[in-house]
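Quick notes on the structure that follows.
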Amino acid sequence: MIKVKISYNLIMRNKEVSEKLYELASYLEILGEMKFKINAYIEAARRIENLTVPIEELAKEGKLTEIKGIGEGIAKKIVQYLETGKIDKLEEVKKQIPETLIELLNVPGVGPKGAYTLYNKLGIKNIEDLKKAAIEGKIRELDGFGPKKEENILKALQHAQKKEVRRINLGIALPIAEYVKESLIKGAPIDKIEICGSIRRMKETIGDIDILVTSNNSNQVMDFFTNMKIVKEAINKGDTKSTIITPEGIQIDVRVVEPISFGAAVQYFTGSKEHNVKIRELAIKKGLKVNEYGVFKIDKDERVCGEKEEEVYNILGLPLIPPEMREDRGEIELALENKLPKIIDIKDIKGDTHVHTKYSDGENTIYEMAKKSIELGYEYLVIADHAKALGVASGLSIEKYKEQKREIDRLNDEIGDKFRIFLGCELNILSDGSVDFEEKELSIFDICLAGIHTGFNQDKKKITERIKKAMNIKKIKIITHPTGRLLGSRDEYEVDLDEIFKEAKNNGTILEINANPERLDLNDLNSMHGKELYNLKFSIGTDAHSINGLSDMRYGVGVARRGWLTKKDVINTLSLKEFEKFIKS
DNA sequence: GCCGTTTTCGGCCCGACTGTTTTCAGTCG
């Protein structure tokens, strides 16, 4: 791993560069360039996207070609872009076809070949032109097109107008998937069953739900599934695959596969696509072919394995790679060397570092939250109710916190020494970087958390300075939801995360992975970067406002696993004794 | 355009589906 001093702003240039390469790939695709060249550009773009070091530094040091997938040709283009803001090759292809032609690739059924024909023969430059031509019946005349394709294009365009393509939050999708799974187990002749796809990888948002089963009576499974209560519409029902839509508009596919293929199918349908491509490339080198039916010897088409997912990896010389890591971010290379990190497990979590109670805007009492935490197997719980500046959440005065402290002391006495409730608080980082109370008033707390709850629209410099100032208040140990996003409803505020990371490194401040599925903040890549570049520590807190919210921990752990964090990177894996020592430090 | 524990040249993931074909190309996941 190449370590250099970096700024997060520079990392943002990685995204810029990767977008240029994706763009170039799209143009070349339309122009009919060789598939392999296009793949090379896409691969390079992906690598840069996931890089944890700034591309500019690598370029300066002449180390671009050390990145896998980047050779002399692409390296030159990157350097040119960084120096001049332009890539000759990209400018050149842009002269050959209109920029808006790329829009057409978003229309289902229209690919690069189709887009070029539409432009070349009919002069179609954008979606508007396409729609007009379809209505006028011109498209059916083209070679390779026909009435059916024309109709499908028109349908797709009308469809796209009313329905935006929306991904569903994991926090909504996972419980639905689990409900379907449980129902199938209870009500249908199921042998094995697994929820696959991006849910299994714990991606923060998901497109649709894929469930695989084995059964000796496939028809009965399909009957049961398509008649479940949650079915708003059964889109199609086949012998081995059915698709339904739930009232929330989520598409669920259930497939019945042969037991002998179950492991290979689970591997295939779990993805990611990029991970699977690398797996199959690796297989070829070993004279094997991997598909959703199993692993086969290329020459003889002889089955090697496929019943268990683990076998698929083992036969390639790999340990089973955790689904959350399957994004082709280097996990296969590490697995080959048997150097996969032992990523954190939900069982490692010993306490929740961020919950609210009735004192502020929560629904349950301190006792109820503690009781539930004990049931979850925790050793401790940090009560972190909102402080006074957050009026809308009934933020507490120091007097109220003192009242809380008396209650917590009493409860701790009753519970005994196997479990401990800590008095914390979630302070508000105000617009000037100060918090609700004077520093000396904070001494009553066991631990202070602080986060931004207002003034999201300040500029980057100001927000960054605010957070840094709060991090310098000694009692504040944790910065909650560091980027402030709400999935699907509010973007991150402008913040220079690299500056925050540096400050956290200097002060030993913990950054929160907020496990609330609407937040998941920090996200997977930010967590990964924080660890890779600065060796930061994190807390996973649910921000629970009720006893049910405590169960959101698994989403936070999912983020941490996707960020390759291990047990030692997360402070609430510490035992009660260690945690007490930590907050006193 | 990139890459090499069988390769510095000759490869580059796999299968399903659709609509167009008359054995297949393009698109999709």
Side-chain angles (χ1 to χ4, degrees), chain A residues 21-22 24-26 28-30 32-48 64-78 87 89-90 93 104-118 139-153 155-156 165 196-198 201 206-210 236 238 240-241 243 251 253 255 257 261 264-265 267-296 298-299 301 306 312 316-317 328 332-333 336-337:
Chain A
L21 293 175
Y22 279 127
L24 183 53
S26 293
L28 290 175
E29 218 179 357
I30 293 172
E33 181 56 274
M34 282 208 336
K35 195 178 118 213
F36 305 113
K37 277 196 192 182
I38 290 151
N39 282 344
Y41 283 114
I42 292 173
E43 174 72 12
R46 281 197 54 251
R47 291 276 172 181
I48 293 166
L64 286 174
T65 52
E66 285 181 19
I67 304 168
K68 238 179 154 212
I70 297 184
E72 293 300 329
I74 293 181
K76 263 189 197 153
K77 293 182 178 71
I78 293 171
I87 302 174
K89 177 117 181 168
L90 184 57
V93 292
L104 300 193
L105 300 180
N106 294 328
V107 180
V110 180
K113 294 286 183 296
Y116 187 72
T117 307
L118 289 165
I139 290 174
R140 64 179 66 197
E141 310 294 334
L142 294 175
D143 273 353
F145 287 80
K148 197 88 185 181
K149 272 205 169 169
E150 185 178 84
E151 195 189 321
N152 286 343
I153 287 171
K155 243 194 252 171
V165 186
C196 300
S198 45
R201 304 201 313 278
I206 65 115
D208 54 21
I209 298 174
D210 266 316
N236 75 57
T240 61
K241 182 194 163 188
T243 301
Q251 178 177 323
D253 290 348
R255 294 165 211 267
V257 301
S261 298
Q267 197 283 326
Y268 173 82
F269 282 105
T270 297
S272 67
K273 188 182 172 230
E274 291 78 12
H275 172 88
N276 285 352
V277 167
K278 289 294 155 63
I279 287 292
R280 296 194 284 253
E281 280 174 0
L282 181 60
I284 290 173
K285 285 185 194 154
K286 297 187 181 279
L288 298 168
K289 181 177 71 171
V290 175
N291 59 30
E292 61 263 53
Y293 303 107
V295 181
F296 303 86
I298 288 179
D299 41 5
D301 229 27
V312 177
L316 301 176
D328 189 32
I332 294 174
E333 289 87 343
L336 269 172
E337 297 175 37

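Letters go in sequence order (proteins before strands), and every chain restarts at 1. Everything quoted here is computed from the prediction, not taken from an experiment.
One atom, CG of A/L28, and another, C1' of B/dC2, lie 15 Å apart when rounded to the nearest Å. Atom CD1 in A/I48 sits roughly 11 Å away from atom P in B/dC2 (whole-Å rounding). What separates CG of A/L104 from P of B/dG26 is a distance of 17 Å, to the nearest Å. A straight line from CD1 of A/I30 to P of B/dG26 spans 14 Å, rounded to a whole angstrom. Between A/E72 atom CD and B/dC3 atom C1' the separation is 13 Å, expressed in whole Å. Between the CG atom of A/L336 and the P atom of B/dT5 there is a distance of 11 Å, rounded to whole Å. Here B/dG26 presents its P atom at 14 Å from CG of A/L142, a figure rounded to the nearest Å. Rounded to whole angstrom, the span from the OH atom of A/Y41 across to the C1' atom of B/dG1 amounts to 6 Å.
Within 6.0 Å of the CG atom in A/N236, the count of heavy atoms belonging to other residues, nucleotides or ligands exceeds 12. Within 6.0 Å of atom NZ in A/K76, 12 or fewer heavy atoms from other residues, nucleotides or ligands are found, so the atom counts as exposed in its surroundings. Remark: A/E281 CD is packed, more than 12 non-hydrogen atoms of other residues, nucleotides or ligands lying under 6.0 Å away. Crowding of A/Y22 atom OH: a count of heavy atoms from other residues, nucleotides or ligands under 6.0 Å exceeding 12.
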Practice problem: Starting from the C-alpha separation in whole Å, work towards a yes-or-no answer on salt bridge (Lys or Arg N to Asp or Glu O under 4.0 Å) for A/K148 and A/E151. | Solution: CA-CA 5 Å; A/K148 197 88 185 181; A/E151 195 189 321; 5.2 Å; no

Practice problem: Let me see the working for A/E33 and A/V93 under side-chain contact (heavy atoms from CB on, under 4.5 Å), right down to the final yes or no. | Solution: CA-CA 11 Å; A/E33 181 56 274; A/V93 292; over 6 Å; no

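No engagement by A/K278 is indicated, since no non-hydrogen atom pair under 4.0 Å with the nucleic acid exists. Among the heavy atoms of the strands lying under 4.0 Å from A/K77 are primed sugar atoms or P, OP1, OP2 only; no base atom is included. Using a 4.0 Å heavy-atom cutoff across all strands shown, A/G114 reaches sugar-phosphate atoms only and no base atom. Residue A/I70 is in sugar-phosphate contact alone, with no base atom involved, counting any heavy-atom pair closer than 4.0 Å across all strands shown.
The partner of B/dT8 is absent, by the rule that a Watson-Crick or G-U pair needs both atom distances under 3.5 Å.
Between B/dT27 and B/dT20, the two P atoms lie 13 Å apart (nearest whole Å). Going from the P atom of B/dT8 to that of B/dC3 covers 16 Å, rounded to whole Å. Nucleotides B/dC17 and B/dT23 place their P atoms 23 Å apart, quoted to the nearest Å. Atom name C1', nucleotides B/dT6 and B/dG11: the rounded distance is 13 Å, in whole Å. Atom name C1', nucleotides B/dG1 and B/dA16: the rounded distance is 29 Å, in whole Å. Taking atom C1' on both nucleotides, B/dT7 is separated from B/dC2 by 13 Å, rounded to a whole Å. If you take atom P in B/dT21 and the same atom in B/dC9, they sit 42 Å apart, rounded to whole Å. Using C1' as the reference atom, B/dC14 and B/dT5 are 25 Å apart when rounded to the nearest Å.
Annotation: of the two residues near DNA chain B, A/G71 and A/V110, the 5′-most nearest-nucleotide partner is A/G71.
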Quiz item: For every nucleotide of nucleotides 8-19 of chain B, 5' to 3': is a protein heavy atom under 4.0 Å from its base (B), only from its sugar-phosphate (S), or from neither (-)?
Solution: ----BBSSS--S

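Of all heavy-atom pairs spanning A/T65 and A/A75, the tightest one is CG2-CB, 4.0 Å.
Base orientation at B/dT6 is anti, since its O4'-C1' glycosidic dihedral falls outside 90° of 0.
For A/E333 and A/R47, the salt-bridge test passes: some basic side-chain N is under 4.0 Å from an acidic carboxylate O.
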